[in-house]
Amino acid sequence: MNQDNNTQEQSSTLKLNESFWAGLLICVVAVSVWWGYNYIRGPKIDHGFFIKVKFANGIDGLTRGNDVIFKGLVIGEVSALSTIGGANTKITPIVTLNINEEYTDLLYNDTRFSIKSPLFVGDYWVEASRPNISTSKNTDRLKEAQIIDGFTEVNPSDFAAGIEENLT
């Protein structure tokens with residue numbers, strides 16, 4: 001009888017130990033995935049060159065932390081989304097971009113900022129580009145906190161809304 005109690009206690013202790021190790025394994029995997037994602041994504045930009053881009057269209061889908069890309073190179077991130085305007089004026093979305101200081105020499109006054117997105121799903125980003133014909137003519141660099149006009153590309157998911165608006 002005493003032996004049966006010992007085996008029963010060992011069995012419950014063994015189950016507790018298996019649950020503990022399974023939980024510990026899950027925690028280690030979760031921390032490893034989080035660390036791996038942050039390692040691959042790269043460091044967040046704590047300091048940099050701030051530029052404000054004003055968009056006539058909406059900035060739907062764009063969120064804080066989205067990338068700023070110049071010719072395939074991630075040069076910064078979206079640091080804030082806000083609006084200007086009021087009761088008697090049109091409300092205009094403003095996106096504050098935090099550009100890494102080592103890439104500020106790539107951005108001139110003729111740089112165009114646009115919101116890009118994949119076809120129907122996925123992450124949005126801001127793309128900076130310069131027209132080919134003006135790269136040698138414009139030598140004025142963007143200044144800190146300068147406000148620039150940007151544009152939003154037509155998103156295929158917006159086609160239905162545009163057609164409905166035109167029909168009414």
Side-chain angles (χ1 to χ4, degrees), residues 24-86 89-165:
L24 182 64
L25 177 67
I26 289 171
C27 289
V28 167
V29 167
V31 168
S32 298
V33 167
W34 176 80
W35 181 81
Y37 170 77
N38 287 327
Y39 179 77
I40 290 171
R41 186 179 190 289
K44 288 277 198 186
I45 301 172
D46 293 333
H47 62 285
F49 187 76
F50 289 93
I51 299 170
K52 296 187 179 220
V53 183
K54 162 171 87 161
F55 291 96
N57 304 5
I59 53 174
D60 296 331
L62 195 65
T63 58
R64 188 170 178 250
N66 287 129
D67 292 331
V68 178
I69 299 174
F70 182 79
K71 294 186 179 181
L73 178 68
V74 177
I75 62 170
E77 67 184 9
V78 174
S79 65
L81 303 168
S82 59
T83 57
I84 58 172
T89 60
K90 181 181 176 186
I91 296 176
T92 305
I94 297 281
V95 177
T96 304
L97 306 177
N98 189 358
I99 307 297
N100 198 336
E101 286 192 30
E102 63 189 60
Y103 301 118
T104 57
D105 58 341
L106 299 174
L107 304 176
Y108 292 85
N109 282 338
D110 62 347
T111 304
R112 300 178 66 195
F113 291 91
S114 62
I115 298 175
K116 302 269 187 157
S117 69
L119 291 177
F120 290 104
V121 294
D123 207 11
Y124 288 76
W125 66 92
V126 176
E127 186 163 301
S129 62
R130 293 190 64 203
N132 291 334
I133 57 173
S134 68
T135 55
S136 61
K137 293 179 183 177
N138 193 339
T139 58
D140 297 330
R141 291 202 173 132
L142 290 176
K143 295 174 181 59
E144 176 92 23
Q146 184 173 350
I147 298 177
I148 306 167
D149 290 327
F151 67 95
T152 306
E153 284 192 349
V154 177
N155 188 350
S157 62
D158 295 336
F159 285 147
I163 291 171
E164 181 181 337
E165 184 177 305

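Fair warning: this is a prediction, and the values are worked out from it, not measured in the lab.
Note: N100 CG to F49 CZ = 12.0 Å, rounded to the nearest 0.5 Å. Distance check, rounded to the nearest 0.5 Å: CZ of R141 to OG1 of T111 gives 10.5 Å. In this structure, I51 CD1 and E144 CD are separated by 8.0 Å, a value rounded to the nearest 0.5 Å. In this structure, the separation between CG on L97 and CG on D67 is 11.0 Å, given to the nearest 0.5 Å. Between E77 atom CD and T63 atom OG1 the span is 10.5 Å, to the nearest 0.5 Å. Rounding to the nearest 0.5 Å gives a distance of 8.0 Å between CG of L106 and OG1 of T104.
You'll find the side chain of N109 reaches within 4.5 Å of the side chain of L142, heavy atoms only.
With hydrogens and angles ignored, the 3.5 Å screen pairs a side-chain donor or acceptor of S79 with a backbone N or O of T96.
Evaluated for a side-chain contact (heavy atoms from CB on, under 4.5 Å) with V126, the options L62, N66, I69 yield exactly one hit, L62.
A128 and F113 get closest at one heavy-atom pair: CB-CE2, 3.6 Å.
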